[in-house]
Amino acid sequence: MDSKTYTAALAELRALRDEIKKKQAEVAKLEAQRARQISALAAYEKAKADRIAPAAGLSLAEVVAIAPILAPESLTAPAPSPSTAPAPSPEADQTAPTAPQPESAALAPDMTATATKPPASAASADELPPSAVPGPVLCDATSEGPRVLPSLPEGPEGDRWVGHTANLASTRPNFTQQARSTAFLDTTTGMLVYRDQTHPLDLASRSAADILQAVFHTIPDGVERLYITAGDPWHRDADRYPFLRDAVAAWLNAPIPGWRTDTGRGKDRMAGHFVHARNPVARYQREDGQQHVEIRSVAEWFDPEGADPTVIRDAFVLLWKALRAHWPDAVIMGSPSQTGRDLWTRTIPARGQFADGYPVLSEELRGLLHATAGQGRTELLTPPSVPEQLPALVEYDRTFAYAKHTWKSPVGTPRRITAATFSSWSEKEQIKALFGCGHWQIRVTVPDTWNHVGLLPAPAPGERAWHYPATPGTTFTTWAGGPEVYTALTNPLAPWKIEILDGLLWDDGKPLDDWSKKLKEAWASLSAQASLHGDPTQRHAAHLASRAVRALLLYGIGSFAQRPRTVTGTTPRTAERDIPADAEIIGFDDDHVTWQRATGFSRDPNAHPEWAAAIWSGARAALLSMRMREDNTYVGALHTPPGTVVAFRTDAVYLTAPQNWPYHGQPGEYLYKGHLPGPLPAPTTEDELLALRDAGRAALHPTPHGGDA
């Protein structure tokens with residue numbers, strides 16, 4: 001084969017690839033239609049997954065992943081008695097040891113926790129499918145049952161995991177962030193706001209080319225960041241594509257005379273555009289390289305709630321002023337996660353134990369936490385768990401919830417607490433450990449008399465799916481943080497049986513406390529302005545700014561989790577050889593190829609999934625039970641009658657009746673946010689719940705901005 005033949009064959013291969021991509025888009029469209037039909041069938045009260053699966057050409061697990069309401073009863077059936085030892089059910093831990101278990105170690109009167117040896121692995125690492133990242137492998141236990149969570153390896157290998165990554169730590173920066181000139185554009189009305197000026201623009205087709213031409217013609221000096229406040233121009237051709245992401249990619253990659261995709265400068269190198277269905281980031285630079293601009297959605301920060309660009313500009317000004325009161329060098333970056341984490345690094349102490357920085361866990365431990373530490377609780381309870389006709393739907397949303405759980409976080413090198421070690425401790429030592437900063441592998445049994453919501457997350461079918469078993473007698477193996485474990489043991493209804501199988505225990509520290517306190521003070525100041533300012537426009541701006549502070553903390557915490565990363569890039573078709581060999585092609589046009597590539601865990605000096613996991617665990621526990629010291633009372637789902645909890649959504653709980661829960665406007669407290677009187681049909685899908693939620697908010701607060709959570 002000569003060079004000419006090779007080049008021609010490459011061209012034929014690209015044409016074949018493009019044809020395959022088109023066919024895949026057609027298949028994807030049909031699969032989306034199939035998923036919609038499955039969801040519609042699931043609404044039928046007598047629908048069964050085992051009948052739908054063959055009709056759809058899917059496995060039971062795949063059908064349940066699309067419509068969780070169709071999960072077979074065997075997933076929540078009581079575990080068989082160990083004395084009879086029949087074949088394990090899908091719900092039961094299929095790798096539980098058969099040897100007699102050690103005596104239980106009492107944690108409190110009438111409450112016990114048993115320490116047992118961790119279950120053996122369901123299969124060796126060589127037998128499991130390859131993981132996307134090094135470390136623990138996540139796999140399904142069976143084709144229909146819940147997935148099996150990874151465990152710490154036995155022996156020296158496990159000891160090697162329990163440590164830190166060499167020469168990698170979070171340190172205080174020795175530079176000042178540079179601010180970028182920013183403008184705000186409503187692509188529906190064409191209103192552009194830059195500094196104290198307002199300009200009406202003709203955006204023509206609302207393509208990226210039309211927007212850049214109009215903006216830079218109006219502001220010759222140019223801007224470096226353009227926030228879209230309304231209009232979502234990247235969705236303008238959504239009807240032409242099977243998925244929103246395809247429409248977004250096409251909008252981002254459309255040719256722009258005089259501009260090309262920006263690949264960054266210096267250490268701030270970006271992999272082209274960030275393709276996201278709702279909040280993409282477009283990055284462009286002039287052909288001469290003299291000008292750079294990024295286009296982002298303001299929805300990354302908050303719901304603009306119909307505000308015009310001048311109000312949103314004022315909100316960012318108020319946000320900057322509130323942050324500057326605590327960080328003299330504060331700069332608002334492109335996203336709340338970037339800004340929040342940058343502000344946190346500026347609170348790292350210059351003296352003391354961690355003056356050299358907070359070390360980053362080993363890659364294996366980060367992988368373990370990624371696989372075993374879920375985020376917010378999202379659960380919809382449907383009949384017969386709740387009445388077919390609800391007397392009402394009442395929403396209680398925890399105000400600035402995560403800020404309540406940042407006062408204590410794990411620091412230092414964790415200790416591995418084996419089953420034998422935990423069992424050897426006194427009751428006082430066990431309680432202290434569960435009150436501390438730990439992440440525990442446990443075997444859980446729901447009490448035989450239980451008649452309320454589930455308390456602990458259990459792995460469900462799906463890569464990151466969790467559910468909360470509540471059927472009496474159910475036994476399952478999972479991982480959970482200390483706050484949830486202790487809540488299950490000491491709840492006001494009936495103690496759950498918890499067996500400690502393995503665990504990680506850190507020293508208690510306050511790496512996030514200073515950062516969180518400053519954000520809470522900024523939030524309180526802006527919330528006061530949102531309530532008391534005499535100008536309605538400024539009240540609205542302050543309200544949006546307070547929501548932005550919430551986003552700084554919420555997404556800042558999320559960024560500590562450092563999920564395995566996927567890099568998205570765009571490459572001109574004339575340079576296709578530069579596309580990484582392991583990249584997946586996700587879109588293309590005549591000029592560009594859009595690709596994505598899983599990069600696993602990077603050497604991120606600010607990766608601390610142990611902090612995010614501890615906060616998420618505390619927040620999930622507070623949804624169930626939380627003491628309000630000043631009022632000497634308890635609030636949360638477990639302090640409501642059985643059958644009254646309709647749903648959980650991260651910070652919120654939805655009930656069938658209002659509660660007499662005190663509220664003082666402090667972080668973590670339950671805000672009475674919505675009330676829709678009944679009778680009304682119990683929601684069976686998330687969309688139905690959200691529709692009722694919005695109606696309940698409107699009914700309780702007919703004027704906008706009725707409360708800030």
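In this text, all values refer to a predicted model and were calculated from it rather than measured experimentally.
- Taking each heavy atom of Thr188 and Asp186 in turn, the nearest pair found is N-OD1, 2.8 Å.
- The main-chain N or O of Ser181 is found under 3.5 Å from a side-chain atom of Glu224 such that the two form a donor-acceptor pair.
- When all heavy atoms are compared, the tightest approach of Glu686 to Arg649 is OE2-NH1, 2.6 Å.
- In summary, of the residues considered (Val193, Thr229, Ile295, Leu203), a side chain to side chain contact (heavy atoms under 4.5 Å, CB included) with Leu185 occurs for Leu203 alone.
- Interatomic distance, His273 NE2 to Thr261 OG1, rounded to the nearest 0.5 Å: 3.5 Å.
- Side-chain contact annotation: Thr176 with Asp329, donor-acceptor N/O pair under 3.5 Å absent.
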*Report the C-alpha separation of Trp466 and Arg620 in whole Å, then their side-chain angles, then the decisive distance to 0.1 Å, and conclude whether the side-chain contact (heavy atoms from CB on, under 4.5 Å) test is met.*
CA-CA 13 Å; Trp466 302 88; Arg620 291 193 299 268; over 6 Å; no
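- Within 6.0 Å of CG in Asp288 there are more than 12 heavy atoms belonging to other residues, nucleotides or ligands.
- Residue Tyr241 qualifies as enclosed at atom OH: its count of foreign heavy atoms under 6.0 Å is above 12.
- Side-chain N or O atoms of Arg245 include none that pairs as donor or acceptor with a backbone N or O of Val275 at under 3.5 Å.
- In the displayed structure, Asp202 atom CG is contacted under 6.0 Å by at most 12 heavy atoms of other residues, nucleotides or ligands.
- Atom NE2 in His292 sits 9.0 Å away from atom CZ in Arg180 (nearest 0.5 Å).
- Separating the CG atom in Leu393 from the CG atom in Leu689 is a distance of 6.5 Å, to the nearest 0.5 Å.
- Between Val646 and Leu692, every side-chain heavy-atom pair lies at or beyond the 4.5 Å cut-off.
- With contacts defined as side-chain heavy-atom distances shorter than 4.5 Å, the pair Phe400/Ser546 does not qualify.
- At distances below 3.5 Å, at least one donor-acceptor pair connects side-chain atoms of Asp308 with backbone N or O atoms of Val311.
- Checking side-chain atoms of Arg236 against main-chain N and O of Ser205 turns up a donor-acceptor pair under 3.5 Å.
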*asked:* For Ile557 and Trp344: C-alpha separation, side-chain torsions, deciding distance, then whether side-chain contact (heavy atoms from CB on, under 4.5 Å) applies.
replied: CA-CA 10 Å; Ile557 290 169; Trp344 170 75; over 6 Å; no
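- In this structure, a donor-acceptor pair under 3.5 Å is absent between the side chains of Thr685 and Asp687.
- Note: Glu395 CD to Leu676 CG = 11.0 Å, rounded to the nearest 0.5 Å.
- Summarising the local packing, CD of Glu300 is surrounded by more than 12 heavy atoms from other residues, nucleotides or ligands at distances under 6.0 Å.
- Minimum interatomic distance between Trp301 and Leu552 (heavy atoms only, all atoms of both residues): CZ3-CD2, 3.6 Å.
- Contact annotation: the side chain of Asp604 never approaches that of Arg366 to less than 4.5 Å [non-hydrogen atoms, C-beta and beyond].
- Checked options Asp651, Leu671, Val653; the residue passing with Tyr396 is Val653 (criterion: side chain to side chain contact (heavy atoms under 4.5 Å, CB included)).
- The shortest side-chain heavy-atom distance between Ile38 and Ile52 falls under the 4.5 Å cut-off.
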*Run the numbers on Met191 and Thr198 for side-chain contact (heavy atoms from CB on, under 4.5 Å), then give the verdict.*
CA-CA 7 Å; Met191 180 187 292; Thr198 302; 3.6 Å; yes
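- In terms of modelled atom types and a separation under 3.5 Å, the side chain of Trp234 and the main chain of His276 share no donor-acceptor contact.
- Residue Met333 comes nearest to Tyr227 through the heavy atom pair O-OH, 3.5 Å, listed as atom of the first residue, atom of the second, then distance.
- Looking at Ser297 and Arg278, their side chains never bring a donor and an acceptor atom within 3.5 Å of each other.
- Leu244 places a side-chain heavy atom less than 4.5 Å from the side chain of His235.
- Across all non-hydrogen atoms, the minimal contact from Phe316 to Val298 is CE1-CG2, 3.6 Å.
- Between the side chain of Arg296 and the backbone N or O of Arg225, no donor-acceptor pair lies under 3.5 Å.
- To the nearest 0.5 angstrom, Tyr284 atom OH is 11.0 Å from Leu226 atom CG.
- Side-chain contact between Trp523 and Thr399 is present, with heavy atoms from C-beta onward closer than 4.5 Å.
- In this structure, the separation between CZ on Arg286 and CG on Leu212 is 8.0 Å, given to the nearest 0.5 Å.
- Proximity of Gln285 to Arg260: side-chain heavy atoms (C-beta onward) are separated by under 4.5 Å at one or more points.
- Within the 4.5 Å cutoff, no side-chain heavy atoms of Trp327 are placed close to those of Asp342.
- Annotation for Arg697 and Asp397: closest pair NH2-OD2, 4.4 Å, computed over non-hydrogen atoms.
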*Please report the C-alpha distance between Ile20 and Lys23 in whole Å, then the side-chain angles of each, then the deciding distance to 0.1 Å, and finally whether the side-chain contact (heavy atoms from CB on, under 4.5 Å) criterion is met.*
CA-CA 5 Å; Ile20 291 172; Lys23 297 298 184 184; 5.7 Å; no
